[in-house]
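First comes the structure, then the notes that go with it.
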Amino acid sequence: MVKQERATRTRETLIRSAAEVFDREGFSAASLSVITSLAGVSNGALHFHFDNKIALAGAVEEKALISLQAVTDACVPVGASRVQLLVDATQGLAGALRGDVVLRAGLALGGESARPVHVDLREHWRCWVAEAVKHAKAEGELRPEVAEEDVVTAVVAATVGFEVLGVRDAEWLSTATVGRFWRLLLPTLVPRGSLRDIEVEGTRSP
């Protein structure tokens with residue numbers, strides 16, 4: 001039992017250390033020796049858990065997916081709209097990206113051409129947004145002339161853009177920045193009477 005717990009801790013430490021190095025240097029430039037040094041383990045310990053850097057990157061993506069699902073699975077407040085859920089999720093994602101290096105690295109790994117994508121987190125996000133928009137449209141929360149595909153394109157493009165730009169400037173991931181995006185977009189999406197009911201900075205507790 002003690003050995004199993006130690007092995008689990010070592011694996012988790014390696015995943016987080018790899019995420020930190022991938023986040024800082026990118027997949028191609030990341031060195032396994034730097035990762036093991038940061039984790040405080042030997043190369044042998046690394047290869048006990050992961051065959052190579054590609055396998056380690058895949059583990060980072062799997063861990064990041066758990067964080068992404070925590071954002072999208074959060075319950076919508078009682079009485080809140082589907083559109084508010086979408087706003088809350090984008091604010092939640094930005095907040096998570098500010099503080100979760102594994103999520104940041106996992107999303108960025110999807111844009112690396114030097115390796116096959118193991119878990120496409122951006123595609124998971126796109127699918128979730130598409131489902132949320134579909135429900136909002138079905139429940140009459142969007143203007144009749146608004147096309148679901150246009151909303152999905154706008155939201156996914158903006159949030160992925162915030163993610164990429166936020167690597168160098170965290171202000172792109174701020175509550176205020178995401179709120180400004182929604183303040184600009186919402187008048188084109190929802191009936192005028194619904195605007196006052198939507199909190200562009202989100203309703204979830206920080």
Side-chain angles (χ1 to χ4, degrees), residues 61-111 117 119-206:
E61 287 176 323
E62 290 175 357
K63 193 75 172 178
L65 178 59
I66 295 173
S67 296
L68 180 60
Q69 289 172 331
V71 170
T72 57
D73 289 350
C75 294
V76 62
V78 176
S81 67
R82 295 284 183 173
V83 173
Q84 184 68 64
L85 173 61
L86 189 57
V87 173
D88 285 0
T90 57
Q91 289 284 11
L93 178 61
L97 284 167
R98 291 195 300 269
D100 187 341
V101 68
V102 176
L103 180 58
R104 283 201 307 274
L107 280 161
L109 282 166
V117 175
V119 179
D120 192 338
L121 293 169
R122 289 172 179 166
E123 178 61 14
H124 275 273
W125 172 246
R126 188 200 66 78
C127 289
W128 185 87
V129 170
E131 190 68 15
V133 171
K134 177 181 177 181
H135 283 296
K137 184 73 169 180
E139 294 175 21
E141 295 182 14
L142 303 182
R143 290 176 177 270
E145 70 274 15
V146 171
E148 294 176 34
E149 296 83 358
D150 292 346
V151 183
V152 175
T153 298
V155 173
V156 173
T159 49
V160 172
F162 295 152
E163 171 220 331
V164 173
L165 292 166
V167 171
R168 294 190 178 275
D169 182 358
E171 183 62 25
W172 284 101
L173 297 172
S174 69
T175 300
T177 296
V178 179
R180 284 195 295 272
F181 162 72
W182 281 110
R183 198 171 286 112
L184 178 68
L185 186 64
L186 282 171
T188 69
L189 300 185
V190 302
R192 184 185 299 273
S194 301
L195 283 174
R196 64 178 179 273
D197 300 322
I198 300 173
E199 299 288 342
V200 296
E201 295 191 349
T203 61
R204 299 180 186 175
S205 301

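All of these numbers come straight from a predicted model, not from anything done at the bench. Residue numbers run from 1 in the order of the sequence given.
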Could you give the distance from NE2 (H124) to CG (L68), rounded to the nearest 0.5 Å?
8.0 Å
Give me the atom names and distance for the closest heavy-atom approach of G202 to V87.
N-CG1, 4.3 Å
With a 3.5 Å distance limit and no angle check, can you tell me whether E201 reaches the backbone of G179 through a side-chain donor-acceptor pair?
no
Are R180 and T177 side-chain neighbours, meaning at least one heavy-atom pair lies under 4.5 Å?
yes
CG of D169 to CZ of F162, rounded to nearest 0.5 Å, is 12.0 Å
Decide yes or no for I66 and V102: does some side-chain heavy atom of the first lie under 4.5 Å from some side-chain heavy atom of the second?
no
Given R82 and E139, is the salt bridge (Lys or Arg N to Asp or Glu O under 4.0 Å) satisfied, shown in steps?
CA-CA 8 Å; R82 295 284 183 173; E139 294 175 21; 3.1 Å; yes
Heavy-atom pair of closest approach, residues L103 and A96
CD2-CB, 3.6 Å
So, applying side-chain contact (heavy atoms from CB on, under 4.5 Å) with L189, which one of V151, V133, V83, D150 is it?
V151
Give me the atom names and distance for the closest heavy-atom approach of V190 to R143.
O-NE, 3.2 Å
How far does OG1 of T203 sit from CD1 of I198, to the nearest 0.5 angstrom?
11.0 Å
Output the distance between atom CG (L121) and atom CD (E163), rounded to the nearest 0.5 Å.
9.0 Å
Spell out, as yes or no, whether a donor-acceptor pair under 3.5 Å connects the side chain of Q91 to the backbone of V200.
yes
For the residue pair E61 and V119, what are the closest heavy atoms and their distance?
OE1-N, 3.1 Å
Using a 3.5 Å distance criterion without hydrogens, assess whether the side chain of R122 forms a donor-acceptor pair with backbone atoms of V156.
no
Are T188 and V146 close enough, and set up right, to give a side-chain contact (heavy atoms from CB on, under 4.5 Å), and what steps lead you there?
CA-CA 8 Å; T188 69; V146 171; over 6 Å; no
Heavy-atom donor-acceptor pair, Q84 side chain to E199 backbone, under 3.5 Å:
yes
Nearest heavy-atom pair of G193 and D197: which atoms, and what distance?
O-OD2, 3.9 Å
Mark yes or no for whether K134, through its side chain, and V129, through its backbone, hold a donor-acceptor pair below 3.5 Å.
no
So how far is it from L85 CG to T90 OG1, rounded to the nearest 0.5 Å?
9.5 Å
State, yes or no, whether a side-chain contact exists between W172 and V164 at a heavy-atom distance under 4.5 Å.
no
Would you call R126 and V152 a side-chain contact if the rule is heavy atoms closer than 4.5 Å?
yes
Non-hydrogen atoms of L93 and V71 that approach each other most closely:
N-CG1, 3.6 Å
Is there side-chain contact between D120 and W125, with heavy atoms separated by less than 4.5 Å?
no
Given 3.5 Å as the limit, does a donor-acceptor pair link the side chain of R98 with the main chain of L173, or not?
yes
CH2 (W182) and CG (D88) are apart, to the nearest 0.5 Å, by 10.0 Å
